[in-house]
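Take a look at the structure below.
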Amino acid sequence: MITEQWGARWIRGLAVGVIAVAAVAAVAGCDAPPPPEPAPRPTAAARADRPTQPTQPTQPMQPMQPMQPTAEPCPDGGVRLVEMDGNAAMGLRVADFRLVNCGAQPYVLEGYPQLSLRDDRNGPVEVAVEHGAAGITTGVPDIEEAPGQVTLAPGQAASFAIVWRNLVTDSSVPATTARSVEVEPRPGAPRLSLRLSAPLDLGNTGKLGLGPWRPVVR
C-alpha cells in the first residue's frame, strides 16, 4: 500500500516537472529577439553620389594629307612635246604642237622640225610633208611664216603648226589616219613620240603642210 502511494506521487512529480520545463522553454522562446532585417540596398540617388572614374579624352582625328601630284620626268633631250588645241572647218584641218624646254640649259631651234606620222599599229603613214601651206590652202600665217632661229631658256616654249585637208579624191585609194607623231626638234636631237588625243584624219590626199618653229609669247 505504501509502495503504491509512493509510486503514484513519483509519477505526479515527474509530470509536474515536465510541464514546468515546457513552460520555461515557451517563455524563453517568447523572449528571444527576432532575427535582424537585411541591410537596405543603395538607392539610385546613392549610387549617383559615388565618384565616377574619369574618362580618357579622345584623340582628335588627323586630317588626311592631300596626295602630291608627281611631276612628269623631263625627256633625255631636255624638251617635252605637247599637243595643243586644233581647228577644223569645211574639211580643212589645223593642229598646233608646243615644245617646252624642261631642262636646265638653253635650247636652240632653227627652221622646221622633222615630222613623221604613225598609224594605230605604230606603222609609218605615207604622207608628203611640205614646208608651208602651198597646194593645201592660203591665209594661214603660222604656216606661211618665214623660218628663223628660236632660243628657249629653261621653262620657255616654241610651237609649230601643221595643216591638211580631210578629202577623199580617189575612191581606189584608202583614207589614212595618223594616231601619233614623231618629231625631231633639231638635227641630231632625240626624236619625241606623242600619242594624239585628236588623230589626224588625212583622207587620201597624201599631203601635209608644216610651219616653222615660232616662240611662244606669254
Side-chain angles (χ1 to χ4, degrees), residues 75 77-102 106-218:
V79 288
R80 178 182 294 113
L81 186 64
V82 181
E83 180 183 6
M84 307 302 292
D85 293 335
N87 186 16
M90 299 297 291
L92 182 65
R93 308 285 197 260
V94 178
D96 290 303
F97 297 89
R98 183 168 293 185
L99 188 76
V100 181
N101 182 0
C102 55
Y107 197 91
V108 180
L109 300 167
E110 190 167 1
Y112 297 86
Q114 294 291 324
L115 176 69
S116 61
L117 307 180
R118 297 282 177 173
D119 59 19
D120 54 354
R121 297 184 179 181
N122 204 33
V125 175
E126 298 296 333
V127 61
V129 179
E130 300 179 359
H131 294 168
I136 300 175
T137 187
T138 58
V140 185
D142 294 345
I143 304 293
E144 298 292 347
E145 186 175 338
Q149 187 179 91
V150 179
T151 301
L152 303 179
Q156 291 184 335
S159 65
F160 71 91
I162 58 176
V163 60
W164 73 97
R165 286 193 178 276
N166 177 25
L167 295 176
V168 177
T169 58
D170 187 349
S171 59
S172 63
V173 179
T176 57
T177 299
R179 301 288 181 177
S180 60
V181 298
E182 285 188 353
V183 174
E184 184 179 305
R186 61 187 182 185
R191 296 182 69 86
L192 302 172
S193 181
L194 179 64
R195 185 77 175 180
L196 301 174
S197 61
L200 309 183
D201 50 350
L202 300 171
N204 61 7
T205 61
K207 185 183 294 186
L208 183 74
L210 174 67
W213 286 115
R214 296 174 292 108
V216 174
V217 180
R218 294 182 178 178

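Throughout, numbering of the chain's residues begins at 1 and tracks the sequence.
- Taking CZ of Phe97 as the start and CG of Leu196 as the end, the distance is 5.0 Å to the nearest 0.5 Å.
- Put simply, the side chain of Trp213 gets close to the backbone of Pro185: a donor and an acceptor are under 3.5 Å apart.
- Pairs engaging residues 79-89 under the side-chain hydrogen bond (donor to acceptor under 3.5 Å, both in side chains) rule: Glu83-Ser197 [sequence neighbours left out].
- Residue Ala95 comes nearest to Trp164 through the heavy atom pair CB-CZ3, 4.0 Å, listed as atom of the first residue, atom of the second, then distance.
- Looking at residues two or more places apart in sequence or on another chain, you find a salt bridge (Lys or Arg N to Asp or Glu O under 4.0 Å) between Asp201 and Arg93.
- Side chains of Leu202 and Leu117 form a contact here, defined as non-hydrogen atoms less than 4.5 Å apart.
- With Arg165 contributing its side chain and Ile136 its backbone, the two residues share a donor-acceptor pair below 3.5 Å.
- When all heavy atoms are compared, the tightest approach of Thr151 to Pro106 is CG2-CB, 4.3 Å.
- Sorted by first and then second residue, the pairs that involve residues 113-133 and meet side-chain hydrogen bond (donor to acceptor under 3.5 Å, both in side chains), not counting sequence neighbours, are Ser116-Arg191.
- For the side chain to side chain donor-acceptor pair (under 3.5 Å) test, no residue two or more places apart in sequence or in another chain qualifies with Thr176.
- The two residues Ala133 and Val163 have their closest heavy-atom pair at CB-CG1, 4.0 Å.
- Residues Thr169 and Asn204 approach most closely at N-OD1, 2.8 Å, considering heavy atoms.
- A heavy-atom distance below 4.5 Å is found between the side chains of Val216 and Ser159.
- Residue Leu92 holds its CG atom at 4.5 Å from OG1 of Thr137, rounded to the nearest 0.5 Å.
- Shortest non-hydrogen contact noted between Pro190 and Gly77 is CG-CA, 4.0 Å.
- For Arg186 against Val108, the heavy-atom pair with the smallest separation is NH1-O, 3.1 Å.
- Sorted by first and then second residue, the salt bridge (Lys or Arg N to Asp or Glu O under 4.0 Å) pairs with a member in residues 141-161 read Asp142-Arg214; sequence neighbours excluded.
- A search for side chain to side chain donor-acceptor pair (under 3.5 Å) contacts involving Asn101 returns nothing, not counting sequence neighbours.
- Using a 4.5 Å heavy-atom threshold, the side chains of Phe160 and Leu99 count as separate.
- The closest side-chain heavy-atom distance from Leu194 to Val183 is not below 4.5 Å.
- Side-chain contact between Leu200 and Ile162: present, with at least one pair of heavy atoms (C-beta onward) separated by less than 4.5 Å.
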